[in-house]
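Any value given below was found using the heavy atoms of this structure, including those in side chains, with hydrogens, waters and symmetry copies removed. Lettering of chains follows the sequences in order, A, B, ..., and the numbering in each one begins at 1.
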Number of protein chains: 2
Amino acid sequence: MIEYSGQPHYLVAVDCIVFGFDGEHLKILLVKRGLEPEINKWSLMGGFVGANESPDDAANRVLKKMTGLEGVYLEQMQIYGEPDRDPIERTLSVGYFALIDIHKYEAQLNDDYEAEWFLINDKPKLIFDHNQMVADARKKLRYKAALHPILFEMLPKKFTIPQLHILFEEVNDTKIDTRNFSRKITSTGLLIKLAEKDKSGSKKGAFYFKLDKKKYSANAQAFLNLMPNLKV
Amino acid sequence: MIEYSGQPHYLVAVDCIVFGFDGEHLKILLVKRGLEPEINKWSLMGGFVGANESPDDAANRVLKKMTGLEGVYLEQMQIYGEPDRDPIERTLSVGYFALIDIHKYEAQLNDDYEAEWFLINDKPKLIFDHNQMVADARKKLRYKAALHPILFEMLPKKFTIPQLHILFEEVNDTKIDTRNFSRKITSTGLLIKLAEKDKSGSKKGAFYFKLDKKKYSANAQAFLNLMPNLKV
DNA sequence: TTATTAATTGTCAAAACGACAATTAATAAT
DNA sequence: ATTATTAATTGTCGTTTTGACAATTAATAA
């Protein structure tokens with residue numbers, strides 16, 4: 001077989017920043033690294049890109065293996081390719097961020113990997129450039145969520161406006177006026193009000209909503225301006 | 001030296017979609033590929049990522065080598081990593097899009113590479129998945145330009161509102177109302193009106209403007225909503 | 001029956017938007 | 001010198017969106 005002569009070859013990996021929301025705070029899922037170097041240190045979920053898969057395939061495989069979940073929201077972020085980012089040998093890594101319903105995951109708990117949820121603001125130091133990856137992912141999540149209805153991916157199928165409200169505040173690390181938020185989020189036409197109420201959080205109870213799947217997929221690419229005073 | 005045992009290694013390349021604007025139409029810069037396979041076919045500017053450089057470094061190096069330009073606007077797009085995208089051996093490529101002032105480039109013409117500008121809507125078939133890369137880059141350019149003031153990168157330091165207007169129409173492939181466009185673009189506060197006029201295009205002449213560099217860098221990350229009826 | 005708590009709904013002025021056409025500044029032609 | 005021509009520039013107005021602000025409602029607990 002012909003090869004491009006003399007060019008160096010590298011390992012290519014994927015690393016996933018997995019975001020979840022417990023109803024109060026934004027969290028990320030970390031695992032204890034299973035190989036040297038830095039074994040047993042906290043790290044992002046990752047793995048090498050196999051011979052017969054694309055990086056996207058690899059990211060989905062890694063997520064499936066470590067969380068049991070399929071079909072999760074997964075978005076390519078950027079490539080991390082500084083020559084010395086991995087001390088063993090040159091490895092380029094494609095960073096992905098994933099949004100999952102934390103409760104779905106809990107049902108799938110897999111202790112094989114010592115995965116653990118951490119508050120985004122209270123996570124341990126990670127290996128290599130993974131801290132930078134998390135910072136970048138957070139920024140990108142904020143950016144994307146300001147324009148596109150993606151945060152729903154972190155909520156159950158049935159959710160309330162107050163839940164959504166808190167999630168938006170968490171992601172953007174800011175306070176959002178309840179009235180304006182409610183007006184804006186309902187005016188997207190993406191929500192369908194259900195008859196049922198969630199009474200776990202208050203006496204009055206909050207109505208459940210679900211996503212209008214049709215409008216959701218139709219608007220997945222639309223700009224929505226979901227944040228007041230939109231600045232990034 | 002330790003290595004991660006048994007993992008496959010791949011070539012990693014960069015490919016650059018270079019956009020330019022000739023005052024009328026959006027163009028891309030293509031080169032005739034200099035190596036087998038598909039030698040002499042039109043392709044994007046690209047090259048392999050060297051042992052001591054990051055993909056970003058490589059992209060800048062390739063651009064410098066092929067256009068003579070440094071410090072051009074360059075943005076990482078996404079990675080292209082289907083296992084069979086290169087018929088010779090597995091190569092992953094990081095796609096970049098670049099915005100350059102077409103006139104700066106013309107002053108640097110380097111015939112060594114048989115580079116040539118093509119109308120974005122009238123380009124030859126490209127090798128491998130480069131056609132897809134161009135389509136993706138165009139989409140991303142449109143997206144980014146709708147929110148951030150980046151199209152200035154394709155204009156000379158002194159430019160007129162009508163020039164900018166045509167450029168926006170080209171990028172978005174749509175007609176934009178002159179009055180509303182002018183109002184919106186000036187209300188960003190990014191433009192400084194000069195005393196001089198460009199009389200090449202009309203009897204009346206159009207005033208030159210230049211970028212307010214300070215406000216430009218301050219607003220590089222701001223959302224500006226530069227397109228009417230913002231949809232992507 | 002009342003107190004309590006959180007969800008929900010309402011108002012209003014300012015700004016932004018989008019659709020629309022008239023005026024102006026220069027040159028060329030008469 | 002006057003007029004015609006051409007493209008740049010500026011203006012209006014009704015509608016919609018925004019953002020700042022507080023009162024009301026629905027349930028449970030006391």
Side-chain angles (χ1 to χ4, degrees), chain A residues 23-24 146-147 149 155-156 158-170 172 174-210 219 222-232, chain B residues 23-24 146-147 149 155-156 158-170 172 174-210 219 222-232:
Chain A
E24 293 187 65
L147 298 166
L155 290 176
K158 293 188 302 184
F159 53 86
T160 67
I161 302 275
Q163 280 174 1
L164 204 51
H165 184 218
I166 295 170
L167 177 51
F168 267 81
E169 290 191 332
E170 273 291 302
N172 292 285
T174 185
K175 287 289 171 193
I176 304 173
D177 182 88
T178 321
R179 300 159 285 205
N180 294 338
F181 177 79
S182 182
R183 171 155 46 97
K184 185 163 278 190
I185 207 73
T186 51
S187 74
T188 63
L190 295 175
L191 302 189
I192 298 174
K193 193 176 195 170
L194 304 180
E196 192 186 354
K197 271 188 170 183
D198 167 27
K199 297 204 180 154
S200 65
S202 71
K203 294 163 188 167
K204 180 174 179 179
F207 280 105
Y208 279 117
F209 288 79
K210 66 173 182 180
N219 283 294
F223 285 110
L224 286 177
N225 194 11
L226 296 167
M227 279 297 296
N229 288 318
L230 196 50
K231 296 266 183 271
V232 170
Chain B
E24 294 188 65
L147 298 166
L155 291 175
K158 294 188 301 184
F159 53 86
T160 66
I161 302 276
Q163 279 173 3
L164 205 51
H165 184 219
I166 296 170
L167 177 52
F168 267 80
E169 290 191 332
E170 273 291 300
N172 291 285
T174 184
K175 287 289 171 193
I176 305 173
D177 182 88
T178 321
R179 300 158 286 205
N180 294 338
F181 177 78
S182 183
R183 171 155 44 99
K184 184 164 279 189
I185 207 73
T186 52
S187 75
T188 63
L190 294 175
L191 302 189
I192 298 175
K193 193 176 195 170
L194 303 180
E196 193 187 353
K197 272 189 170 182
D198 167 29
K199 299 206 178 149
S200 65
S202 72
K203 295 163 188 168
K204 181 174 179 179
F207 279 105
Y208 278 118
F209 288 79
K210 68 173 182 180
N219 283 294
F223 285 111
L224 287 177
N225 194 10
L226 296 166
M227 279 297 296
N229 288 319
L230 196 51
K231 296 262 184 271
V232 171

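Between the side chain of Arg179(B) and the base of dA21(C), a donor-acceptor pair under 3.5 Å is found. One cannot find a donor-acceptor pair under 3.5 Å joining the base of dG11(D) and the side-chain atoms of Arg183(B).
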- Can you give one letter per nucleotide of nucleotides 25-30 of chain D, 5' to 3': B if a protein heavy atom sits under 4.0 Å from the base, S if only from the sugar-phosphate, - if neither? BBBB--
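Remark: Arg183(A) engages no residue in a salt bridge (charged side-chain N to carboxylate O under 4.0 Å, His left out) (not counting sequence neighbours). Qualifying side chain to side chain contact (heavy atoms under 4.5 Å, CB included) partners for Phe207(B), counting only residues two or more places apart in sequence or in other chains: Lys193(B), Lys197(B), Phe209(B). Shown here are the side chain to side chain contact (heavy atoms under 4.5 Å, CB included) partners of Thr160(B), two or more places apart in sequence or in another chain: Pro162(B), Gln163(B), Asp198(B), Ala206(B), Tyr208(B). Glu24(B) is linked by a side-chain hydrogen bond (donor to acceptor under 3.5 Å, both in side chains) to nothing, counting only residues two or more places apart in sequence or in another chain.
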- Task: For the pair Leu164(B) and Phe168(B), evaluate side chain to side chain contact (heavy atoms under 4.5 Å, CB included) and give the outcome as yes or no after the intermediate values.
- Result: CA-CA 6 Å; Leu164(B) 205 51; Phe168(B) 267 80; 4.1 Å; yes
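Atom OH in Tyr208(A) sits about 17 Å away from atom C1' in dT8(C), given to the nearest Å. Atom CG in Asp198(A) sits roughly 9 Å away from atom P in dA7(C) (whole-Å rounding). Here dT18(D) presents its P atom at 12 Å from CD1 of Ile185(A), a figure rounded to the nearest Å. Distance, Ile176(B) CD1 to dC20(C) C1': 17 Å, rounded to whole Å. Rounded to whole angstrom, the span from the CZ atom of Phe181(B) across to the P atom of dA19(C) amounts to 16 Å. Between the CG atom of Leu191(B) and the P atom of dT9(D) there is a distance of 12 Å, rounded to whole Å. Distance NE2 (His165(A)) to C1' (dT8(C)): 13 Å, rounded to an integer number of Å. Between Lys175(A) atom NZ and dA20(D) atom P the separation is 16 Å, expressed in whole Å.
Counting only Watson-Crick or G-U wobble pairs whose defining distances are both under 3.5 Å, the stems of 3 or more consecutive pairs in DNA chain D are C:1-30 with D:1-30.
Counting non-hydrogen atoms under 4.0 angstrom, Ser187(A) reaches nothing in the nucleic acid. Residue contacts shown for Thr160(B) are absent, as no nucleic acid heavy atom lies under 4.0 Å away.
With dT9(C), dC20(C), dT9(D) as the choices, the nucleotide that has an atom nearest any side-chain atom of Asn180(B) turns out to be dC20(C). Of the listed nucleotides (dA19(C), dA8(D), dT8(C)), dT8(C) has the atom at the smallest distance from the side chain of Ala206(A).
Put simply, the side chain of Asp177(B) gets close to the backbone of Arg179(B): a donor and an acceptor are under 3.5 Å apart. Checked by atom type and distance alone, the side chain of Thr188(A) pairs as donor or acceptor with a backbone atom of Ile185(A) at under 3.5 Å. Checked by atom type and distance alone, the side chain of His165(A) never pairs as donor or acceptor with a backbone atom of Ser182(A) at under 3.5 Å.
The distance from atom CD of Glu196(B) to atom CG of Leu194(B), rounded to the nearest 0.5 Å, is 7.5 Å.
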